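Below is one structure, written out as structure tokens; comments come after it.
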Amino acid sequence: MLVAALAYANALGGSFVGDDRQLVLENPAVRSLKNVPAMLGLETGVPEARALRNASYALDWFVGNGSPVAFHVTNLLLHALATGLVFAVARRVMPRAALASALLFALHPAHTESVAWIAGRKDVLATVFVLAGFLSFLRWRERGGNRWLAWLAAAFVAGVLSKEVACVLPVLCLAYDASVGGWRAIRTRWLLYAIGGAIALVVVAAVLFEWRVSAVAGAGGFHWVAGTLAKSAPTIARVVSRYLVLLVLPVRLVADYSFDAFPISSSWSDPFAIAGLALVVFAFVAGVVVWRRNRSLGFAMAWIGLALAPVAQIIPHHELLSEHDLYLPSVGICWVGGWFFSTRAARPFLVTTCVLFALLVIRRNGEWRDERSILESTVRVAPRCARAQFNLARLDGERGDAESMRLRLLAVDAIGPGPDAMASRAFVAAENEIVVQALRGGATGAAEAESRLRRAIAAMPQDAGSRLNLASVLGSQGRVADAATVLEDGVRRGIDDATVTRTLARARGELGLPAADVLAPLAASLRAARRDVDRDAGVALLLLQLDRSHDDGLRLLAYRALGRSAEASECRRRIVADVRGGVDLVPNRAGARKRALEVARRDSNGCALLDLPGALDSVSMKRALGHLRAHVILAIAAERESWREATAAGDPWRLVDTDFRRLFGELR
């Protein structure tokens with residue numbers, strides 16, 4: 001444990017990197033311990049995904065007041081605890097190899113992503129609980145008693161609440177019983193394995209269901225890399241073989257294996273797929289041979305395979321390959337290595353290996369110190385990693401290095417889009433960034449911008465940003481109809497973005513379409529997000545542009561929705577003056593109905609707005625539709641009963657804002 005702490009001491013000075021921003025810096029839930037009960041499901045009965053990891057972040061924030069040092073200290077302590085548990089379990093599984101196994105685990109370079117990266121904690125936490133649960137299982141086998149079973153169950157639940165990979169714990173217990181006790185031991189404990197297996201299956205089903213919901217919702221989702229499991233088999237073989245190589249030879253570490261750092265194999269004709277399959281088959285055969293001769297050593301090798309199974313793309317996941325996924329499987333390889341280094345003659349080799357591992361760990365920790373450092377390390381080893389190249393371009397732009405940013409964006413462009421939306425995101429983002437520079441070239445720049453943005457849309461049809469940028473480029477050339485077509489296609493494909501719908505409505509308005517057609521996408525958008533205050537305010541501001549004759553009423557609505565009280569007060573002052581001036585338009589109540597209908601017919605926007613279906617869900621939208629020209633609203637106030645009889649849309653008085661109702665009452 002001390003060796004583990006010393007090896008990772010230089011990681012304590014690291015900052016927040018990559019996903020740390022989303023999980024910690026931009027996550028308000030981890031900034032107060034008051035949110036921990038909700039994370040754990042104590043209030044609702046349903047815990048959050050990876051609730052214990054999130055709760056540990058909240059504790060770190062409380063202790064360190066948001067300093068990354070507190071988070072790194074926790075990661076280091078958890079790694080030291082995992083090392084101690086590796087030693088404790090090895091003392092019972094293969095006693096002679098316990099010390100060597102623990103040393104190898106403490107210093108394995110593949111662990112740097114899990115330990116030096118704050119977001120990698122989920123794997124360390126899950127491994128701690130899996131090892132603690134397995135140790136409880138071993139003690140239950142030795143001593144019996146329900147106490148150890150209770151600890152096993154608690155560790156299993158805690159592990160799953162840290163990361164779903166912990167669901168392999170019952171399978172590991174089953175494998176150990178099969179290796180050491182034989183089938184007789186399994187038959188005597190069938191109920192334990194049945195319950196544990198059922199829970200594990202429920203966890204897997206829940207995870208797959210969540211991924212499926214994400215896919216349906218258009219959030220990226222999770223799917224096999226080649227569409228089906230059978231077609232993905234060549235890539236899966238390569239992924240497993242790469243994991244096995246990293247466990248034995250942890251060099252050329254890469255923080256990001258996304259497109260195109262780890263090319264996908266499309267068929268078994270790929271020689272790399274054949275080589276990967278050969279390595280996997282060799283490892284399996286070797287494990288069977290070893291298991292027949294040495295059951296404990298065979299179980300250690302089985303641990304590797306069983307722990308790799310959930311992360312080997314057999315169950316689809318959006319990250320093709322990640323080194324932090326090796327933390328739990330590495331327990332098995334360290335036991336195997338400890339067994340080989342357990343003799344006196346092998347001690348010099350053990351010392352040499354540990355020294356080399358320690359040097360690699362210290363060097364790798366330095367690469368994880370900040371975002372730029374780890375990204376530069378990634379592109380050195382994997383220059384075709386589009387996501388790393390794009391993120392470096394973003395950092396170059398933030399520090400004002402325009403030339404370096406341009407070169408990196410062009411590198412992403414050269415790599416091209418990937419096989420799915422997840423792999424294409426860097427390409428799409430790069431194309432949009434390049435467009436900003438291309439537009440500075442005048443007509444030629446606009447043509448290049450259009451070409452790049454259409455390529456981006458082809459790669460990710462549901463990307464709202466690319467469609468908005470293309471609509472802007474087309475609109476600047478006077479091609480408003482083409483811009484509207486681009487946005488309409490996006491809406492048909494399920495894009496639900498407030499800016500897209502507002503821009504589409506504006507384009508339809510410029511084309512002279514009826515206001516009902518202009519506002520149709522906005523109405524649909526409001527039904528989908530009726531509580532989105534910013535979106536409601538945006539609708540009001542758009543209506544303002546469609547009919548300048550009642551812009552103060554709409555500005556009032558928009559400013560109130562946005563909380564801008566000073567501007568709202570000024571609008572209200574102007575409205576009061578306008579309405580007072582409009583009193584002369586309705587000198588007597590008898591002519592109010594006739595005059596209101598005549599004005600409404602002349603006001604094309606007003607008529608179209610009143611003719612829209614009355615089933616709109618947004619209160620702000622209803623208010624916006626009710627703010628017609630001041631003299632029309634005054635007529636409605638004066639003769640609302642007659643107005644209801646004269647229109648098929650119901651009582652428009654209900655569409656008028658409360659403040660206007662009071663104002664009309666005073667003026668009447």
Side-chain angles (χ1 to χ4, degrees), residues 1-9 11-12 50 52-53 55-57 59-60 71-94 97-139 151-152 154-169 172 246-247 250 300 303-304 306-308 310-311 322-338 354 357-358 361 364-365 368:
M1 295 173 70
L2 179 61
V3 170
L6 291 175
Y8 283 91
L12 297 179
R50 300 177 180 179
L52 279 181
R53 178 202 61 185
S56 71
Y57 287 155
L59 180 60
D60 288 342
F71 293 85
H72 284 296
V73 168
T74 300
N75 274 23
L76 191 152
L77 293 176
L78 287 171
H79 178 55
L81 177 58
T83 301
L85 288 169
V86 168
F87 176 79
V89 174
R91 286 188 62 188
R92 289 167 172 80
V93 175
M94 46 181 65
L99 180 59
S101 300
L103 286 172
L104 292 173
F105 185 85
L107 300 172
H108 202 292
H111 293 164
T112 50
E113 185 169 309
S114 299
V115 183
W117 186 32
I118 295 170
R121 178 181 302 178
K122 56 186 178 291
D123 292 276
V124 185
L125 264 178
T127 300
V128 165
F129 289 119
V130 168
L131 287 169
F134 189 72
L135 183 61
S136 299
F137 168 74
L138 294 178
R139 291 185 174 178
W151 282 112
L152 169 60
F156 177 59
V157 173
V160 171
L161 291 179
S162 301
K163 187 180 178 181
E164 299 78 11
V165 71
C167 68
V168 301
L169 176 56
L172 294 173
L246 287 173
L247 286 173
W303 181 292
I304 302 171
L306 294 173
L308 277 177
V311 297
S322 300
E323 289 171 4
H324 60 79
D325 289 330
L326 287 173
Y327 198 84
L328 179 59
S330 69
V331 173
I333 198 65
C334 290
W335 283 338
V336 173
C354 288
F357 276 12
V361 166
R364 188 63 172 167
N365 288 340
W368 275 102

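As the structure is a prediction and not an experimental result, all values here were calculated from the model. All residue numbers refer to positions in the sequence shown, counting from 1.
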**OP:** Run the numbers on Asp123 and Arg53 for salt bridge (Lys or Arg N to Asp or Glu O under 4.0 Å), then give the verdict.
**Re:** CA-CA 9 Å; Asp123 292 276; Arg53 178 202 61 185; over 6 Å; no
Subject >> Pairs flagged by side-chain hydrogen bond (donor to acceptor under 3.5 Å, both in side chains) wherever residues 124-135 is involved - sequence neighbours left out >> reply: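 Qualifying pairs, neighbours excluded: none.
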**OP:** Just grab all the side-chain hydrogen bond (donor to acceptor under 3.5 Å, both in side chains) pairs involving residues 105-115, residues at least two apart or on different chains.
**Re:**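 For residues 105-115, and leaving out neighbouring residues, the side-chain hydrogen bond (donor to acceptor under 3.5 Å, both in side chains) pairs sorted by first residue read His111-Ser330.
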Smallest separation among heavy atoms of [X] and [Y], with atom names:
{"X": "Ala90", "Y": "Ala98", "value": "CB-CA, 3.7 Å"}
{"X": "Ser162", "Y": "Leu52", "value": "OG-CB, 3.7 Å"}
{"X": "Thr83", "Y": "Ala102", "value": "CG2-O, 3.5 Å"}
{"X": "Ala132", "Y": "Ala155", "value": "C-CB, 4.3 Å"}
{"X": "Ala300", "Y": "Met94", "value": "CB-CE, 4.1 Å"}
{"X": "Pro250", "Y": "Ala110", "value": "CB-N, 4.1 Å"}

Please report the interatomic distance [atom1]([X]) to [atom2]([Y]), rounded to the nearest 0.5 Å.
{"X": "Leu103", "Y": "Cys354", "atom1": "CG", "atom2": "SG", "answer": "5.0 Å"}
{"X": "Leu326", "Y": "Ile304", "atom1": "CG", "atom2": "CD1", "answer": "10.5 Å"}
{"X": "His79", "Y": "Thr74", "atom1": "NE2", "atom2": "OG1", "answer": "14.5 Å"}
{"X": "Leu104", "Y": "Leu99", "atom1": "CG", "atom2": "CG", "answer": "9.5 Å"}
{"X": "Leu152", "Y": "Leu135", "atom1": "CG", "atom2": "CG", "answer": "10.5 Å"}

Decide yes or no for [X] and [Y]: does some side-chain heavy atom of the first lie under 4.5 Å from some side-chain heavy atom of the second?
{"X": "Ile333", "Y": "Trp303", "answer": "no"}
{"X": "Val165", "Y": "Val160", "answer": "no"}
{"X": "Arg139", "Y": "Trp151", "answer": "no"}
{"X": "Val168", "Y": "Pro310", "answer": "yes"}
{"X": "Asn75", "Y": "Val124", "answer": "no"}

Original post:
Are Val331 and Leu131 close enough, and set up right, to give a side chain to side chain contact (heavy atoms under 4.5 Å, CB included), and what steps lead you there?
Top reply: CA-CA 9 Å; Val331 173; Leu131 287 169; 4.1 Å; yes
Backbone of [Y] reached by a side-chain donor or acceptor of [X] within 3.5 Å:
{"X": "Tyr57", "Y": "Ile118", "value": "yes"}
{"X": "Ser101", "Y": "Cys334", "value": "yes"}
{"X": "Arg121", "Y": "Phe71", "value": "yes"}
{"X": "Asn365", "Y": "Ala7", "value": "yes"}

**OP:** Could you tell me whether Asp325 and Lys163 make a salt bridge, using a distance below 4.0 angstrom between a side-chain N and a carboxylate O?
**Re:**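 A salt bridge is present here (some side-chain N lies under 4.0 Å from a carboxylate O).
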**OP:** Output, in order, the C-alpha distance, side-chain angles, deciding distance and verdict of side chain to side chain contact (heavy atoms under 4.5 Å, CB included) for Leu125 and Ser56.
**Re:** CA-CA 10 Å; Leu125 264 178; Ser56 71; 4.1 Å; yes
**OP:** Could you name each residue pair satisfying salt bridge (charged side-chain N to carboxylate O under 4.0 Å, His left out) that touches residues 125-137, not counting sequence neighbours?
**Re:** none
**OP:** Please test Phe156 against Phe134 for ring pair (Phe, Tyr, Trp, His ring centres under 6.0 Å), starting from the C-alpha separation and ending with a verdict.
**Re:** CA-CA 9 Å; Phe156 177 59; Phe134 189 72; over 10 Å; no
**OP:** Output, in order, the C-alpha distance, side-chain angles, deciding distance and verdict of side chain to side chain contact (heavy atoms under 4.5 Å, CB included) for Val89 and Trp335.
**Re:** CA-CA 10 Å; Val89 174; Trp335 283 338; 3.4 Å; yes
Original post:
Would you say Arg92 has more than 12 foreign heavy atoms packed within less than 6.0 Å of its CZ?
Top reply: yes
**OP:** If the plane angle is over 60° it's perpendicular, under 30° parallel, otherwise tilted; pick one for Phe105 and Tyr327.
**Re:** perpendicular
**OP:** Kindly assign one of parallel, tilted or perpendicular to the pair Trp117 and His324, based on the angle between their ring planes and the thresholds 30° and 60°.
**Re:**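 Correct class here is tilted.
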Subject >> Intermediate values then yes/no, side chain to side chain contact (heavy atoms under 4.5 Å, CB included), Leu172 and Phe137 >> reply: CA-CA 10 Å; Leu172 294 173; Phe137 168 74; over 6 Å; no
